[in-house]
Chemist: 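Take a look at the following structure, please.
Numbers here are sequence positions counted from 1. In this text, all values refer to a predicted model and were calculated from it rather than measured experimentally. The analysis underlying the following values was restricted to heavy atoms, covering all of them including side chains, and did not include hydrogens, waters or symmetry mates.
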Amino acid sequence: MRRTRSVGGAVAAAALTLSLAACSGGSGGSDSSGGGAGGKHLTIGTAAEVPHLIPQNDLGATGIQIESALWAPLTQVDPKDGHLRNVVADSIKSKDARTWTIKIKPGWTFTNGEKLTAKSFVDTWNYTAYGPNGFANNGFFQRVEGYEALNPAKGKPKRDTLSGLKVIDDLTFQVKLKQPFSPYPTTLSYLGATALASEALKDPEKYTHKPIGYGAYKLDGAWKPGQPVNLVRNKGYKGGDAPDAESISFRFFANPETGYNEFLAGNLDFAPLPTSKMDTYKQEAAGRYLQAKAANSTGYLVLHVNVKPYDNLKVRRALSLALDRAALAKVKPGSVPSKSFTPPSIAGHRDDTCGDCKLDVAKAKKLLSEAGGFPGALKIYYSTDDSGSQVYAEAIGNMWRQKLGIKVKYDGQPGSEIGKLDEAGKLDGVRMQGWGHDYPSIEDYLTPVFASYGDVNTGKYDNPEVDKALQKANGIADQQRAIKAYQKVEDMAAADMPIIPLSVVSPIYLHAKGVEPLNSPYAGVDPIRSTLTR
């Protein structure tokens, strides 16, 4: 099914590692400045170097961050009020939530001069959905009619275009889904649903390091492996939200502490807060930090509900009730205790949908006793990719050991290896995981995690009634009625408790004076669209 974001063993959105500098005032060395001579300049550092800049073939937060400057989505959550607004799209209409007519605004062009048309989208979506092309966001189009013909379980595809896509005219195309899906316009805010220029579609490999988009910026000069990605303002950009910076350079930092030290040295004006600096940043960067107003990701523990003793609901509830989430929040920068299965920034969120997400040791002991106790040792898997995961895992394990008398073991491995064990059914314990939405809808916190076919349903939770309720909610065209239906799905899943919610994350960032990143309670922190006052 759809896999549009790599979650590994930690909260997906927390993987976004950014640093930014305003060089108009002299910060940043010559090695970090782009080709933007004159004007306001930003240098943004990302977690690790990306192999290419193709949004349809990208699952990583690093690439998506850069691509958000090079492309513009069809729709977008308005950072001012949280409502969905059109960007490239002029209108998206449907009478039955299944057949959607999308009209794009006139006048948009790629940075090579090619017109952006309805055909641009249809051709790109077909290319991405065609299995043999191997594009990472192939699954994003699984809802479109004809997807299986391009991605057969066995043998070669019968065709190379989706039967559910049709060009109506130069600016209009039609999308027919296999089933009604009311949040569809919201899904089109995802960058994987953008378009590629025709010359890039002919040979995508040739354009991995020279992207052609239609966003607020364009590539400035050549981008070579190991070097920064330098961008300049795209003067042909048709969006109404052009950022302040005239040019941007993206630098790559494999170690977030390096970016932190660069910030303190005055070479960067925006950086993420490493876990290791949680106790010192308020003094070392006094008056130069912010916490995201939006909590756009959830952190939780995955329980394999078909494996003993996790198949016992009383065991799952007991484990949850024995956790002091307020204490755990102090271990992870930017996190706050969670009592729900969705983050507060999502429409339809309710604060207390998890009745067992509170500390109640007496009740936890009673439930565990009724379940016959916990046999053997409980193993907690944690990702060695994140320096803070071991400390967090040990904090959880100590609570279970001290409050419930459970023996606990720890197994640290790279997130990718934990994922392989999980997929092979060889994970003999619990794992820390998280989810940050691909598009801002309550549905995207339910289907991936709780549907029997969900992308990150690694605990193999399978409730046919939940699947049916999701399908029913998907077919409700009225968004307010649909949200209420999705809330009922959340309540059904909460009753089964296949995961243990731990926290929602509002990341902490450092920023220099004169750099005010966009910080929206609906859209999160966007350093690209910083207000520069120096």
Chemist: Is a donor on one side and an acceptor on the other found under 3.5 Å between the side chain of Asn306 and the backbone of Tyr461?
Modeler: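 It does not hold such a pair.
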Chemist: Contact between Val336 and Ser503 at the side-chain level, heavy atoms closer than 4.5 Å - yes or no?
Modeler: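 The answer is no, as the side chains (C-beta and beyond) never meet within the 4.5 Å cut-off.
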Chemist: Would you kindly say whether Asp491 and Tyr486 are connected by a side-chain donor-acceptor distance under 3.5 Å?
Modeler: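 Checked: Asp491/Tyr486 side chains show no N/O donor-acceptor pair below 3.5 Å.
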Chemist: Is there a side-chain contact between Leu427 and Tyr381, using heavy atoms and a 4.5 Å cut-off?
Modeler: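 The answer is yes; the side chains approach within 4.5 Å.
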Chemist: What I'd like to find out is whether the side chain of Val466 reaches to under 4.5 Å of the side chain of Val489, using heavy atoms alone.
Modeler: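 The answer is yes; the side chains approach within 4.5 Å.
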Chemist: Indicate whether the side chain of Asp78 and that of Gln76 have a donor and an acceptor atom separated by less than 3.5 Å.
Modeler: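 Not at all, the side chains of Asp78 and Gln76 share no donor-acceptor pair under 3.5 Å.
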Chemist: So Tyr439 and Phe181, would you call those rings parallel, tilted or perpendicular, with 30° and 60° as cut-offs?
Modeler: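 Judged by the thresholds at 30° and 60°, the geometry between Tyr439 and Phe181 is perpendicular.
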Chemist: Under the criterion side-chain contact (heavy atoms from CB on, under 4.5 Å), I'd like the reasoning laid out for Tyr382 against Arg431: C-alpha separation, chi angles, the key distance, then a yes or no.
Modeler: CA-CA 6 Å; Tyr382 66 89; Arg431 68 179 294 196; over 6 Å; no
Chemist: Verify the neighbour count for atom NZ of Lys365: are there more than 12 heavy atoms of other residues, nucleotides or ligands below 6.0 Å?
Modeler: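 No - once you tally the heavy atoms of other residues, nucleotides and ligands closer than 6.0 Å, there are 12 at most.
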Chemist: Using 30° and 60° as the class limits, which term best fits the ring planes of Tyr184 and Trp100: parallel, tilted or perpendicular?
Modeler: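 Rings of Tyr184 and Trp100: tilted, as their planes differ by 30° to 60°.
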Chemist: Can the ring centroids of His437 and Tyr445 be said to lie less than 6.0 angstrom from one another?
Modeler: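 Yes, the ring centres sit under 6.0 Å apart.
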Chemist: Would a 4.5 Å heavy-atom cut-off, applied to side chains only, mark Ile528 and Phe250 as touching?
Modeler: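 In short, these two side chains touch, coming nearer than 4.5 Å.
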Chemist: For Arg325 and Ser320, run side-chain hydrogen bond (donor to acceptor under 3.5 Å, both in side chains): C-alpha distance rounded to whole Å, both residues' side-chain angles, the deciding distance at 0.1 Å, then the answer.
Modeler: CA-CA 9 Å; Arg325 288 167 174 78; Ser320 180; 2.8 Å; yes
Chemist: Could you check whether any side-chain heavy atom of Ile380 comes within less than 4.5 Å of a side-chain heavy atom of Ile396, counting everything from C-beta outward?
Modeler: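 Result yes, sub-4.5 Å side-chain heavy-atom pair found.
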Chemist: So does Lys332 get a backbone contact from the side chain of Ser335, meaning a donor-acceptor N/O pair under 3.5 Å?
Modeler: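 Yes; at least one donor-acceptor contact below 3.5 Å.
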Chemist: For Ser506, is there any backbone N or O sitting under 3.5 Å from a side-chain donor or acceptor partner on Gln291?
Modeler: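 Checked: pair present.
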Chemist: If we only count heavy atoms from C-beta on, is the Gln179 to Asn474 side-chain gap below 4.5 Å?
Modeler: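 Heavy-atom side-chain distance check fails, nothing below 4.5 Å.
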Chemist: Hey, is Glu394 close enough to Lys409 for a salt bridge, meaning N to O under 4.0 Å?
Modeler: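 No, Glu394 and Lys409 are not salt-bridged.
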Chemist: Answer with yes or no whether the side chains of Thr194 and Gln56 bring together a donor and an acceptor at under 3.5 Å.
Modeler: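 Note: Gln56 and Thr194 side chains meet the donor-acceptor criterion.
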Chemist: Okay, side chain of Arg316, backbone of Asp496: is any donor-acceptor separation there less than 3.5 Å?
Modeler: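 At least one qualifying donor-acceptor pair exists.
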Chemist: Centroid separation under 6.0 Å, is that true for the rings of Phe270 and Tyr509?
Modeler: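 Close enough - the centres of the two rings lie under 6.0 Å apart.
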Chemist: Ser94 side chain to Thr99 main-chain N or O, any donor-acceptor pair under 3.5 Å?
Modeler: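 Yes, Ser94 side chain to Thr99 backbone: donor-acceptor pair under 3.5 Å.
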Chemist: Under 3.5 Å, is there a donor on one side chain and an acceptor on the other for Thr128 and Asn137?
Modeler: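 Distance-only check fails for Thr128 and Asn137.
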Chemist: Evaluate Ile500 against Tyr300 for side-chain contact (heavy atoms from CB on, under 4.5 Å), listing each step before the verdict.
Modeler: CA-CA 5 Å; Ile500 296 178; Tyr300 51 87; 5.7 Å; no
Chemist: Evaluate the side-chain contact (heavy atoms from CB on, under 4.5 Å) criterion for residues Val144 and Trp125: first the C-alpha distance (whole Å), next the side-chain angles of each, then the deciding distance (0.1 Å), finally the verdict.
Modeler: CA-CA 10 Å; Val144 181; Trp125 291 11; 5.6 Å; no
Chemist: With no hydrogens and no angle check, is any side-chain donor or acceptor of Trp435 less than 3.5 Å from a backbone partner on Asp444?
Modeler: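 Pair found, side chain donor or acceptor close to backbone of Asp444.
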Chemist: Run the side-chain hydrogen bond (donor to acceptor under 3.5 Å, both in side chains) test on Thr353 and Glu490 for me, step by step, so that the C-alpha distance in whole Å, both residues' side-chain angles and the decisive distance to 0.1 Å come before the verdict.
Modeler: CA-CA 8 Å; Thr353 55; Glu490 183 182 359; 2.7 Å; yes
Chemist: Side chains of Pro79 and Leu518: closer than 4.5 Å at any heavy-atom pair?
Modeler: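 In contact.
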Chemist: Ion pair present between Lys339 and Asp351, side-chain N to carboxylate O less than 4.0 angstrom?
Modeler: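 Judged by the 4.0 Å cut-off on N to carboxylate O distance, Lys339 and Asp351 do not form a salt bridge.
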Chemist: Evaluate the side-chain proximity of Tyr522 to Ser345: yes if any heavy-atom separation is below 4.5 Å, no if none is.
Modeler: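 No, their side chains stay 4.5 Å or more apart.
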Chemist: What distance separates Leu301 CG from Leu323 CG, expressed to the nearest 0.5 Å?
Modeler: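 Here the rounded value is 7.0 Å.
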Chemist: So, does Arg98 use its side chain to make a donor-acceptor pair with the main chain of Leu177 at under 3.5 Å?
Modeler: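 Flag set: sc Arg98 to bb Leu177 pair under 3.5 Å.
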Chemist: Just by distance, no angles: are the side chains of Asp422 and Thr458 close enough, under 3.5 Å, to form a donor-acceptor pair?
Modeler: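 The answer is yes; a qualifying pair exists.
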Chemist: Can you tell me if Asn457 uses its side chain to pair, donor with acceptor, with the backbone of Tyr453 under 3.5 Å?
Modeler: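 Flag not set: sc Asn457 to bb Tyr453 has no pair under 3.5 Å.
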Chemist: Hey, could you give me the CD/CG distance between Glu370 and Asn312, rounded to the nearest 0.5 Å?
Modeler: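 With rounding to 0.5 Å, CD (Glu370) is 9.5 Å from CG (Asn312).
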Chemist: Would you say Arg529's side chain and Asp241's backbone share a donor-acceptor pair under 3.5 angstrom?
Modeler: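 Yes, Arg529 side chain to Asp241 backbone: donor-acceptor pair under 3.5 Å.
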Chemist: Taking the six-membered ring for Trp, are Phe140 and Tyr190 ring centroids under 6.0 Å apart?
Modeler: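 Between Phe140 and Tyr190, the centre distance is under 6.0 Å.
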Chemist: Determine whether more than 12 heavy atoms belonging to other residues, nucleotides or ligands lie under 6.0 Å from atom NZ of Lys178.
Modeler: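 Count over threshold, so yes.
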Chemist: Would Asn86 and Leu74 count as a side-chain contact (heavy atoms from CB on, under 4.5 Å) here? Give the steps.
Modeler: CA-CA 6 Å; Asn86 292 327; Leu74 284 162; over 6 Å; no
Chemist: Mark yes or no for whether Arg288, through its side chain, and Glu284, through its backbone, hold a donor-acceptor pair below 3.5 Å.
Modeler: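 Flag set: sc Arg288 to bb Glu284 pair under 3.5 Å.
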